[in-house]
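Input: a single structure, listed below in structure tokens.
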Amino acid sequence: MLDYETLKLIWWALVGVLLIGFALTGGWDLGTAILLPFIGKNDDERRVVINTIGPTWEGNQTWLITAGGALFAAWPLVYAAAFSVLYIALMLTLFALFLRPVGFDYRSKLPSRRWRNNWDWGLFVGGLVPSLIFGVAFGNLFVGVDFKFDETMRVLYGNAGFFTLLNPFAVFCGLVSVAMLTLHGGAYVHLKTEGIIRARARRAVQLAGLVTAILFILGGVWVAQRNGLQLTHMGSPNDVLRPLDKTVEWVAGGWMANYAQYPLTWLLPALGVIGAIIAILCVSANLGWLTLLGSSLSLIGIILTAGWSLFPFVLPSSLDAHSSLTVWDAVSSHKTLGIMLGVAVIFMPLIMLYTSWVYRVMRGPVTVERIRAETHTSY
């Protein structure tokens, strides 16, 4: 079996891969839902937009469910603390996501224009709210989450409520998330449609790509000026460590320390900006696959930038810096990580294979004529 330190790093990377997998596939679902009322002007056009993601959105949730399971198995302390502090936000996300299955299933049950329009806006909410909250949650990691541990390792929580999470920096990160996923959704719709819908998706990509690049750059400047956590003393990463057995300090510009130590990692934020520019240029030339590649690169760059800025912290504490959870002390036992790695090695390739197969089967553009002809499969 691999040594404990290596397994800790592997699981940090695996959780990141799962989150990126959901952002890439579930991200264009969310982005498409956000754009639905704006790039579909009548019932037929909105049916086309819905049918670009309708056959595959449920399978894309596998990445989110798997990421939640991996978080519980690999980082139980993070799972316990985060899901308690962020409980209301997570419940709000869950109820917003409820609008997606019922929206897809019930929208076409009645021919009423009002009925269908209401469900279209329900799908919009089901795309916008999770996109915003995911970004807000990431933003709060840079601010610190309202928890700490006592000497018996019991989790204690402060008095901060839901609206405390909506601090200016976190809300800003939520806007970055919305812009990023709107860009990705627009790129996917542009690839999967034709005619006027594709033209509207092209304009959406151009606007969302520009907003994403600008907000991401401004966010980087903001992070550089904020205080960040620095790990100043800790035991061997190969040992079993308690969160309180380390020394942590808030220092000016602390979240940028990893980039100063490893200059090549500046390629990560560069990728976030360059990917958005690629998407804008390629969509202007009607290059569907390259547009989606650009939005995907931007999304990957932005997420990796956030993860690398935080490393080795995975759940910073605003109440007690020493209680902040890191890659080294938030993990399960050596044996648990080893067994779970074997499970991941088997099942993650299977997820990728069947996801690829489904998209291959459902390839090709979605048109008004197609959804009218395929009444048994269209939404």
Side-chain angles (χ1 to χ4, degrees), residues 1-22 63-86 90 137-138 140-142 144-157 228-249 254-255 257-258 261-262 303-304 306-348 351:
M1 183 181 292
L2 296 171
D3 65 81
Y4 202 12
E5 179 181 358
T6 302
L7 282 173
K8 291 175 181 179
L9 287 172
I10 288 174
W11 272 101
W12 177 75
L14 280 176
V15 171
V17 168
L18 290 169
L19 291 176
I20 289 173
F22 172 68
W63 291 99
L64 181 61
I65 296 168
T66 306
L71 192 66
F72 174 76
W75 294 340
L77 292 178
V78 175
Y79 185 92
F83 275 65
S84 296
V85 176
L86 304 174
L90 291 170
F138 258 100
N140 273 285
L141 296 182
F142 290 90
V145 182
D146 196 40
F147 79 97
K148 66 178 182 178
F149 295 100
D150 65 13
E151 288 300 321
T152 64
M153 288 305 299
R154 182 179 59 174
V155 185
L156 304 175
Y157 304 101
L229 289 179
Q230 286 290 286
L231 186 60
T232 57
H233 180 266
M234 185 189 69
S236 170
N238 207 38
D239 293 337
V240 177
L241 302 173
R242 292 196 327 151
L244 296 178
D245 296 336
K246 63 179 181 292
T247 304
V248 179
E249 297 178 356
W255 295 128
N258 287 337
Q261 188 173 358
Y262 303 98
I303 293 176
L304 290 181
W308 181 242
S309 299
L310 290 166
F311 183 85
F313 296 94
V314 290
L315 192 67
S317 169
S318 60
L319 291 183
D320 175 31
H322 303 297
S323 295
S324 299
L325 296 172
T326 71
V327 171
W328 315 120
D329 55 29
V331 297
S332 295
S333 68
H334 191 176
K335 185 174 183 179
T336 298
L337 294 185
I339 293 172
M340 288 299 298
L341 178 60
V343 174
V345 167
I346 294 172
F347 286 100
M348 282 189 65
I351 294 174

Lys148 atom NZ: more than 12 heavy-atom contacts under 6.0 Å: no
- prompt: Do other residues, nucleotides or ligands put more than 12 heavy atoms under 6.0 Å from the CZ atom of Phe83?
  reply: yes
task: Report yes if some heavy atom in the side chain of Thr326 is under 4.5 Å from a heavy atom in the side chain of Trp12; otherwise report no.
output: no
message: What's the separation between atom OG in Ser323 and atom CZ in Phe147, rounded to the nearest 0.5 Å?
response: 6.5 Å
field: Interatomic distance, Leu18 atom CG to Leu71 atom CG [nearest 0.5 angstrom]
entry: 10.0 Å
- prompt: Taking Ser84 for the side chain and Ala80 for the main chain, is one N or O donor matched with an acceptor at less than 3.5 Å?
  reply: yes
message: Could you check whether any side-chain heavy atom of Pro316 comes within less than 4.5 Å of a side-chain heavy atom of Leu141, counting everything from C-beta outward?
response: yes
- prompt: Do Trp75 and Leu325 have side-chain heavy atoms sitting under 4.5 Å apart?
  reply: no
Validation row: Ser309, Phe142 side chains within 4.5 angstrom (heavy atoms): yes
task: Indicate the atoms forming the closest heavy-atom contact of Ile10 with Leu341, along with that distance.
output: CG2-CD1, 3.7 Å
message: How close do Ala82 and Leu315 get, counting heavy atoms only, and between which atoms?
response: N-CD2, 3.9 Å
message: For the CG atom of Leu319 and the CG atom of Leu156, what is their distance to the nearest 0.5 Å?
response: 9.0 Å
message: Tell me the closest heavy-atom pair linking Leu14 and Ala344, and the distance in Å.
response: CD1-CB, 4.2 Å
- prompt: With no hydrogens and no angle check, is any side-chain donor or acceptor of His322 less than 3.5 Å from a backbone partner on Phe149?
  reply: no
- line: Residues pairing under side-chain hydrogen bond (donor to acceptor under 3.5 Å, both in side chains) where one sits in residues 1-10, two or more places apart or in two chains, turn out to be Asp3-Thr6
message: How long is the straight-line distance from CG of Asn140 back to OG of Ser318, given to the nearest 0.5 Å?
response: 8.5 Å
- request: Would you please indicate yes or no on a ring centroid separation below 6.0 angstrom for Phe72 and Tyr79?
  value: yes
query: Do any N or O atoms from the side chain of Trp63 and from the backbone of Leu19 form a donor-acceptor pair under 3.5 angstrom?
result: no
field: Within-4.5 Å side-chain heavy-atom neighbours: Trp11 and Val331
entry: no
query: Can you find a pair of side-chain heavy atoms, one from Val248 and one from Asp320, that are under 4.5 Å apart?
result: no
query: Which atom pair, heavy atoms only, marks the closest approach of Gly338 to Leu7?
result: N-CD1, 3.9 Å
field: Heavy-atom side-chain proximity of Lys246 to Leu241 below 4.5 angstrom
entry: no
What pairs of donor and acceptor atoms, side-chain ones from residues 228-237 against any protein atom, are under 3.5 angstrom apart with sequence neighbours left out?
from, atom 1, to, atom 2, distance (Å)
Gln230, NE2, Gly254, O, 2.9
Thr232, OG1, Thr247, O, 3.0
Ser236, OG, Asn238, N, 3.2

- prompt: Any Lys/Arg nitrogen of Asp329 or Arg242 sitting under 4.0 Å from an Asp/Glu carboxylate oxygen of the other?
  reply: no
- line: So CG of Asn258 and CH2 of Trp308: to nearest 0.5 Å the spacing works out to 4.5 Å
message: Could you measure the distance from the CZ atom of Phe311 to the OH atom of Tyr262? Nearest 0.5 Å is fine.
response: 8.0 Å
message: Using every non-hydrogen atom in the two residues, find where Ala330 and Val314 come nearest and quote the distance to one decimal.
response: CB-CG2, 4.4 Å
